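Please read all numbers here as calculations on a predicted model, not as lab measurements. The figures that follow rest on heavy atoms only: side chains count, while hydrogens, waters and symmetry mates do not.
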Amino acid sequence: MPYTIEQVKALVREFPDFPSKGILFRDIFPIFRHPEAVECLVDHFVERIKELGQRVDVVVGLDARGFLFGPLIAIKLGVAFAPVRKRGKLPGEVVSVTYMKEYGPDVFEMQADALAAGQNVVIIDDLLATGGSCKAAEDLVAQLKGKVLLSAFVISLVGLEGDKKLKAPVYALIEC
């Protein structure tokens, strides 16, 4: 049975006080129990990316939930996929950037040959909160002389204003 995007949104569950008191956690994993829902979500992102009207060369997925959607979107677009990972997880020459998380600094890396100068990139992740990890991904793409056309998320926590840290336009399926 085909899913509508509204049915996909309805699959996202909320867990109060997880992982700690005062946090309302939004769980996207129920979407993966329904292959048709995943297909609907991926198709939705592909259409949104095509609406940009610009050539996309690489989809960049952020560690780790960006790996769930990024390769599927890249396949449908007929373009490459490149992961952004935590420090020490990628072989070969890498570029890196330090960014701030809620509890201190962290490091993201990308393989130095993941994209070529001048390539157009779309960044994919599950959640936009404070914007630190996506900003770090934008910085990695910039180090490799690529251009971020769009950063796309399943969920954006609007009150945290993470989009204001980002240079590229932001799209989120669900805004909370």
Side-chain angles (χ1 to χ4, degrees), residues 12 25-26 28 41-176:
V12 176
F25 185 86
R26 288 169 177 90
I28 64 165
L41 181 59
V42 168
D43 288 346
H44 179 80
F45 278 114
V46 167
E47 288 307 312
R48 177 63 185 95
I49 293 165
K50 286 181 177 179
E51 288 172 6
L52 295 172
Q54 297 183 59
R55 182 192 83 251
V56 174
D57 301 300
V58 181
V59 171
V60 169
L62 304 191
D63 198 341
R65 291 187 184 109
F67 300 171
L68 299 172
F69 301 108
L72 300 173
I73 292 167
I75 287 167
K76 290 236 177 184
L77 290 170
V79 302
F81 173 77
V84 168
R85 303 245 17 222
K86 303 261 171 112
R87 178 181 20 212
K89 301 290 184 182
L90 292 171
E93 183 183 348
V94 296
V95 294
S96 63
V97 64
T98 301
Y99 68 102
M100 290 304 295
K101 293 179 69 171
E102 300 83 24
Y103 306 108
D106 206 348
V107 178
F108 259 169
E109 294 180 333
M110 196 171 186
Q111 289 175 314
D113 60 355
L115 58 110
Q119 285 191 306
N120 290 329
V121 171
V122 172
I123 295 174
I124 303 289
D125 202 6
D126 67 323
L127 179 75
L128 174 62
T130 63
S133 59
C134 190
K135 171 72 169 80
E138 281 188 338
D139 292 347
L140 289 170
V141 170
Q143 283 185 49
L144 297 175
K145 302 195 182 347
K147 178 184 177 189
V148 179
L149 300 177
L150 179 73
S151 292
F153 305 89
V154 178
I155 300 169
S156 174
L157 303 178
V158 179
L160 298 179
E161 298 186 338
D163 60 321
K164 296 199 179 352
K165 289 185 181 173
L166 306 177
K167 293 178 183 171
V170 170
Y171 172 75
L173 175 65
I174 301 170
E175 294 185 337
C176 303

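In this structure, L77 and V59 have side chains that are in contact, with non-hydrogen atoms separated by less than 4.5 Å. For the pair V56/I49, a side-chain contact is recorded, criterion being any heavy-atom separation below 4.5 Å from C-beta on. Here the side chains of I124 and L62 are not in contact, with every heavy-atom distance at 4.5 Å or above. Proximity of V97 to V107: side-chain heavy atoms (C-beta onward) are nowhere separated by under 4.5 Å. For the pair D106/M100, no side-chain contact is recorded, criterion being any heavy-atom separation below 4.5 Å from C-beta on. Contact of the V60 side chain with the M110 side chain is registered, since non-hydrogen atoms from C-beta on lie closer than 4.5 Å.
In this structure, I174 and C176 approach most closely via the heavy-atom pair CG2-SG, 3.7 Å. Between A74 and F81, the closest heavy-atom pair is CB-CB, 4.0 Å. Contact detail for K86 and D63: the closest heavy-atom pair is N-OD2, 3.1 Å. A82 approaches V58 most closely through the heavy-atom pair CB-CG1, 3.9 Å. Between R55 and G118 the shortest heavy-atom distance is NH2-O, 3.8 Å. When all heavy atoms are compared, the tightest approach of F69 to L41 is CE2-CD2, 3.1 Å.
Heavy-atom contacts from other residues, nucleotides or ligands closer than 6.0 Å to CD of E51 number more than 12.
A donor-acceptor pair under 3.5 Å is absent between the side-chain atoms of N120 and the main chain of D57, judged by distance alone. At least one donor-acceptor pair closer than 3.5 Å links the side chain of E109 to the backbone N or O of G88. Checked by atom type and distance alone, the side chain of Q111 pairs as donor or acceptor with a backbone atom of P91 at under 3.5 Å.
Annotation: H44 is in aromatic contact with Y171 [ring centroid separation under 6.0 Å].
Rounded to the nearest 0.5 angstrom, E161 CD and K164 NZ are separated by 4.5 Å. Atoms CG and CG, on L115 and D113 in that order, are 9.0 Å from each other to the nearest 0.5 Å. Interatomic distance, CD1 of I28 versus CG of L127, reported as 9.0 Å (0.5 Å rounding).
In this structure, F67 has no ring pair (Phe, Tyr, Trp, His ring centres under 6.0 Å) partners at least two apart in sequence or on a different chain.
Between R65 and D125, none of the side-chain N atoms (NZ, or NE/NH1/NH2) sits under 4.0 Å from a carboxylate O, so this pair counts as no salt bridge.
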Side chains of residues 131-160: which donor-acceptor partners sit under 3.5 Å, not counting sequence neighbours?
unit_1 : atom_1 : unit_2 : atom_2 : d
K135   : NZ     : D139   : OD1    : 2.7
K135   : NZ     : D139   : OD2    : 3.2
E138   : OE1    : K167   : N      : 3.0
E138   : OE2    : K167   : N      : 3.1
E138   : OE2    : A168   : N      : 3.0
Q143   : NE2    : S96    : O      : 3.0

Test L128 against L166 for side-chain contact (heavy atoms from CB on, under 4.5 Å), laying out the working first.
CA-CA 11 Å; L128 174 62; L166 306 177; 4.2 Å; yes

